[in-house]
Amino acid sequence: MRSRFPVLSQIPKGVWVVGGVSMLMDISSESIHSLLPLFMMTTLGTSVLFIGLIEGLAEATALFIKVFSGAISDYLGQRKGLALLGYGLGALSKPLFALASSSGMVLAARLIDRTGKGIRGAPRDALVADVTPPEMRGAAYGLRQSMDTTGAFLGPLLAVSLMLLLDNDFRTVFWIALIPGLLSVALLYFGLQEPKTPLEHKRTNPIKRENLRRLGKACWWVIGLGAVFTLARFSEAFLVLRAQQSGVPLALIPLVMVVMNVLYSLSAYPFGKLSDGMSHTRLLQWGLMVLIVADVVLALSSHWMGVILGVALWGIHMGMTQGLLAAMIAKTAPPDLRGTAFGIFSLVSGVGLLIASVGAGAIWETFGAEYTFYAGAVICLTTLVYLRKTPDEAK
């Protein structure tokens, strides 16, 4: 019988291993992150504005560091070692959340965790492109994102189960989250053999001006697109806080992230495969329109059912766009500068995420939760205008 998704059997083993590593680390991270805003508010007494600041600084740190890790992986021609270091830091940061007695300690733990993410992110994304033929990169990035996001919904599901079992003991849940993090490091170390990159010319500093110029107009356009996209999509911590406002019981709030990530996981591979045969910018436009609807639903809904619908649409939008943006970077960047391109893309996106998260927190506290989501919808409309000027090479 013919496979419904015949491309799956053709995707290289390395992509599956990288996806499995991402899945395990996301189980570890998301079982903590789905509870962290509630832990900071109810146990540590942290304000929403400071939660937004922590989220923005943590994610921006990860995205900033990707510039250097990606450039280093291009210079060395090796990516696995940096990925191992990054995943190792992510795993070792988990006990710090369980030990945290102040918001400052949570910030420190988040920064260490996201430093690890920054170190591993660009080399991992470039590695997927290195082992995958160009005609199926959309499917490969979609598959990796789908497996990553499977971990992102299994993590909150694990958190809910443990919170119910342990009578809302945040700290014990955080300790248990260390286990899948350590397993992810072991899988990467033993399961992935990095392809050898032939040395075709003398390696130079990837972030020198002449090399940055080699990235080209189309690649820089995609990098700019990442920044605008991030402004339109602030931290998911605000989805958790919106669920709390709607009256969802404390122990069940992480299920909100389960809903988002299930839809994200289920949609990432099909839309990634679809992107291999259609205009990338058209699919991005569809994804933005879904996000606009999600923002409006979240702004208007005070009942938990409306919030769940908005979160579900948010997840579908993520599945439509995240792997696609990675495939666009892989398509437009020179092969020997791929890690650098992913790193710069992440840096620019990180600045956008910091602005978006801090701004969302400020709008939330000043005007109310609904205006936070209305602002996101307005920025989505601005992004649609940006997409009208897509270079031919990036379409």
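Since we're looking at a predicted model, the values are computed, not measured. Every heavy atom of this structure was used, including side-chain atoms; hydrogens, water molecules and symmetry mates were not.
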> Does the side chain of Tyr189 pick up a donor-acceptor pair with the side chain of Ser184 at under 3.5 Å?
Replying inline: no
Once you round to the nearest 0.5 Å, how far does [atom1] of [X] lie from [atom2] of [Y]?
X	Y	atom1	atom2	answer
Met318	Leu324	CE	CG	13.0 Å
Leu263	Met320	CG	CE	12.0 Å
Phe229	Phe345	CZ	CZ	9.0 Å
Ile379	Leu384	CD1	CG	12.5 Å
Leu241	Leu38	CG	CG	7.0 Å
Arg110	Met40	CZ	CE	7.5 Å

Spell out, yes or no, whether [X] and [Y] are grouped together once hydrophobic residues are joined by side-chain heavy atoms under 4.5 Å, including indirect joins.
X	Y	result
Met305	Val262	yes
Ile176	Leu164	yes
Val222	Leu283	yes
Val307	Met41	yes
Val106	Phe50	yes

> Phe174 vs Phe97 aromatic rings, parallel, tilted or perpendicular, using cut-offs 30° and 60°?
Replying inline: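 The rings of Phe174 and Phe97 stand perpendicular, inter-plane angle above 60°.
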Tell me whether [X] contacts the main-chain N or O of [Y] through its side chain, where contact means a donor paired with an acceptor under 3.5 Å.
X	Y	value
Tyr141	Met136	no
His280	Met328	no
Lys80	Leu192	yes
Ser31	Ile27	yes
Ser146	Ser265	yes
Arg242	Ala299	yes
His317	Gly287	yes
Arg120	Ala83	no
Arg171	Ala100	yes

Minimal non-hydrogen separation, [X] against [Y], with atom names:
X	Y	answer
Val290	Leu313	CG1-O, 3.3 Å
Ala312	Val259	CB-CG1, 4.1 Å
Ala91	Val185	CB-CG2, 4.3 Å
Pro180	Ala177	CD-O, 3.4 Å
Cys380	Asp295	SG-OD2, 4.1 Å
Ile329	Ala341	CG2-CB, 4.0 Å

>> With side-chain hydrogen bond (donor to acceptor under 3.5 Å, both in side chains) as the criterion, how do Tyr264 and Gln145 come out once you've worked through the C-alpha distance, each side chain's angles and the decisive distance to 0.1 Å?
In response: CA-CA 9 Å; Tyr264 187 178; Gln145 194 66 64; 2.9 Å; yes
Answer yes or no: is there a side-chain heavy-atom contact under 4.5 Å between [X] and [Y]?
X	Y	answer
Arg124	Tyr87	yes
Phe170	Thr42	yes
Phe342	Leu337	no
Ser301	Leu309	no
Asp26	Leu154	no
Leu215	Pro334	yes
Ile344	Trp220	yes
Ile11	Tyr269	yes

> Stepwise, does the side-chain hydrogen bond (donor to acceptor under 3.5 Å, both in side chains) test hold for Ser22 with Arg144?
Replying inline: CA-CA 8 Å; Ser22 295; Arg144 191 208 68 79; 3.3 Å; yes
>> As a quick check of understanding, evaluate side chain to side chain contact (heavy atoms under 4.5 Å, CB included) for Val296 and Leu300, giving each step before the final call.
In response: CA-CA 6 Å; Val296 173; Leu300 295 175; 3.7 Å; yes
> Quick one: which of Ile32, Ile112, Leu111, Thr115 gives a side-chain contact (heavy atoms from CB on, under 4.5 Å) with Ser93?
Replying inline: Ile112
>> Under the side-chain contact (heavy atoms from CB on, under 4.5 Å) test against Thr383, which residue among Leu291, Leu288, Thr230 passes?
In response: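 Testing each of Leu291, Leu288, Thr230 against Thr383, the sole residue satisfying side-chain contact (heavy atoms from CB on, under 4.5 Å) is Leu288.
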>> Determine whether Arg282 and Gln285 satisfy the following criterion, side-chain hydrogen bond (donor to acceptor under 3.5 Å, both in side chains), listing intermediate values before the conclusion.
In response: CA-CA 5 Å; Arg282 180 173 298 177; Gln285 288 169 344; 5.6 Å; no
>> Evaluate Trp314 against Val297 for side chain to side chain contact (heavy atoms under 4.5 Å, CB included), listing each step before the verdict.
In response: CA-CA 10 Å; Trp314 192 290; Val297 170; over 6 Å; no
> Would Asp113 and Lys94 satisfy salt bridge (Lys or Arg N to Asp or Glu O under 4.0 Å), going step by step from the backbone distance to the final call?
Replying inline: CA-CA 8 Å; Asp113 177 46; Lys94 303 310 183 231; 2.9 Å; yes
>> Between Leu239 and Phe373, does the side chain to side chain contact (heavy atoms under 4.5 Å, CB included) criterion hold? Intermediate values first, please.
In response: CA-CA 10 Å; Leu239 303 182; Phe373 296 102; 3.9 Å; yes
> Ala227: what forms a side-chain contact (heavy atoms from CB on, under 4.5 Å) with it, not counting sequence neighbours?
Replying inline: Val348
>> Strictly by ring pair (Phe, Tyr, Trp, His ring centres under 6.0 Å), give each pair with a member in residues 348-369 just once, sequence neighbours left out.
In response: Phe238-Trp364
